[in-house]
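I have placed the structure first, in the form of structure tokens, so that the comments after it can refer back to it.
Heads up: numbering here begins at 1 and tracks the sequence.
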Amino acid sequence: LSGSEGIGVLLPPGDPGSVDVTVQTPGFADVVLKSGFSYNPAVSGGPKLALVAIVPAHSPTTGGAWAILKGANLPLGSKVFFGSAEAKEVLVLGADTVTARIPPASAAGAVDVSLVDPASQAGAKLTNALTYYDPKDAKGPPPKLDAIKPGIGPSQGGTMALLEGKAFAEGALVFFAGRPANTVQRVSDLVLTLLTPASPPGPTSVMGVHPDGQWSDLADAFVYTAGAKPTLTLAGALPGQGSAAGGTDVVLSGTGLAPGLLLFVDGAPHPINVKTAKAAALVTPPHAPGTAQVALTSADGWTAWLVG
């Protein structure tokens, strides 16, 4: 490993920090390079865990809502703590997402939110990340869930669904047994629309959560199915354009159209009239100039899309 232009060496262990590098040659004076090498702190247990956010960031002291934790390198088997209280229900949905059900607290106030890997004891913490408050100090009512339509869909998720209830707040989240729904849209205080997440087959509870941590749920309200094939297709719309003021008669063509069909225009529900298994009619709603996304959801939970 030696040559006229350099010497290769196998480094010995060292403490973090800078050290002198000394070359000793018999018969010659030592050559010293002051602070010539720096040891970095050892990193063990793989990539460093990190937490960056939690939603919601508030909860009544009664707890109970599912929360989403975002971060990096979050391992399977993670434990989550709110202050010193361990969350009893935790789902690791990926290396960047964990959900946990907020435990109750004995008093109001801000607490740290921590995640620990039991295998390595590595952890990450968000300081004062969740604030508990007395339920009587809530600024508004909790959500009330009445029904989800359809009540069935494929286990791979992706069903555009309609959640009916009362007192839905802007920024509401929806969970299917702890798995967060995608693209939740508040149509009104009575209606939310969403895309179902993937989940194992079987019945699952549906929970609505407000930004202040108030929640309510429907037990076994949605049934995930496996092995079924799509029953619905959406081929086109005639005419493909109309007035931004709405009122244009449009016929949607496809296959598998049947009673119980739901229509969504840019995520908002809209009436539709099924004529045959291959045609359904609607009158367009008012819309800003530009293209609209159209989705149909069948009674058995399959969703077909028409974009642009």
Side-chain angles (χ1 to χ4, degrees), residues 143-154 156-174 176 180-198 206 208 218 221-225 228-308:
K144 182 181 184 301
L145 277 59
D146 291 332
I148 185 168
K149 299 176 181 177
I152 190 171
Q156 61 262 39
T159 299
M160 176 68 81
L162 179 71
L163 186 59
E164 298 175 328
K166 297 179 180 65
F168 291 141
E170 195 68 46
L173 302 172
V174 179
F176 289 68
N182 301 306
T183 321
V184 178
Q185 180 174 326
R186 179 182 180 270
V187 178
S188 70
D189 63 345
L190 303 177
V191 175
L192 299 176
T193 61
L194 56 95
L195 288 173
T196 61
V206 179
L218 291 172
F222 190 87
V223 177
Y224 280 97
T225 59
K229 295 183 178 180
T231 58
L232 181 69
T233 65
L234 182 54
L238 289 175
Q241 60 183 12
S243 170
T248 301
D249 290 316
V250 174
V251 175
L252 299 178
S253 60
T255 60
L257 310 185
L261 196 67
L262 297 175
L263 167 67
F264 300 87
V265 180
D266 282 345
H270 191 71
I272 189 169
N273 183 14
V274 177
K275 298 294 188 180
T276 70
K278 295 184 178 181
L282 67 128
V283 179
T284 59
H287 191 282
T291 57
Q293 185 184 70
V294 176
L296 292 178
T297 296
S298 61
D300 57 356
W302 292 98
T303 297
W305 301 88
L306 187 64
V307 181

query: Where do E164 and I148 land on the side chain to side chain contact (heavy atoms under 4.5 Å, CB included) test, with the steps shown first?
result: CA-CA 6 Å; E164 298 175 328; I148 185 168; over 6 Å; no

[X] and [Y]: which non-hydrogen atoms are nearest, and at how many Å?
{"X": "P286", "Y": "A245", "answer": "CG-O, 3.6 Å"}
{"X": "T159", "Y": "P154", "answer": "OG1-CD, 3.4 Å"}
{"X": "T248", "Y": "P239", "answer": "CG2-CG, 4.0 Å"}
{"X": "G267", "Y": "Q185", "answer": "CA-OE1, 3.7 Å"}
{"X": "F222", "Y": "G153", "answer": "CZ-N, 3.4 Å"}
{"X": "A221", "Y": "L218", "answer": "CB-CB, 3.5 Å"}

Are the side chains of [X] and [Y] in touch, meaning some heavy atoms are under 4.5 Å apart?
{"X": "W305", "Y": "L234", "answer": "no"}
{"X": "T193", "Y": "V187", "answer": "yes"}
{"X": "I152", "Y": "T225", "answer": "yes"}
{"X": "P271", "Y": "L282", "answer": "no"}
{"X": "P269", "Y": "L263", "answer": "no"}
{"X": "L296", "Y": "L262", "answer": "no"}
{"X": "P150", "Y": "W302", "answer": "no"}
{"X": "L232", "Y": "L261", "answer": "yes"}

message: What I want to find out is whether D189 reaches K166 closely enough, with some N-O distance under 4.0 Å, to be called a salt bridge.
response: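 No, no charged N to carboxylate O under 4.0 Å.
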
Whether [X] side chain and [Y] backbone form a donor-acceptor pair below 3.5 Å:
{"X": "T297", "Y": "M160", "answer": "yes"}
{"X": "R186", "Y": "F168", "answer": "yes"}
{"X": "N273", "Y": "A281", "answer": "no"}

- request: List the steps, then state whether side chain to side chain contact (heavy atoms under 4.5 Å, CB included) holds for V174 with V206.
  value: CA-CA 7 Å; V174 179; V206 179; 3.8 Å; yes

Nearest 0.5 Å, please: how far is [atom2] in [Y] from [atom1] in [X]?
{"X": "L257", "Y": "T276", "atom1": "CG", "atom2": "OG1", "result": "6.5 Å"}
{"X": "D146", "Y": "L190", "atom1": "CG", "atom2": "CG", "result": "9.0 Å"}
{"X": "D266", "Y": "H287", "atom1": "CG", "atom2": "NE2", "result": "3.5 Å"}
{"X": "T303", "Y": "L195", "atom1": "OG1", "atom2": "CG", "result": "7.0 Å"}

- prompt: Can Y224 and T196 be said to form a side chain to side chain contact (heavy atoms under 4.5 Å, CB included), step by step?
  reply: CA-CA 10 Å; Y224 280 97; T196 61; 3.8 Å; yes

- request: Any chance you could lay out the side chain to side chain contact (heavy atoms under 4.5 Å, CB included) test for I272 and L252, step after step, and finish with the verdict?
  value: CA-CA 10 Å; I272 189 169; L252 299 178; 4.0 Å; yes

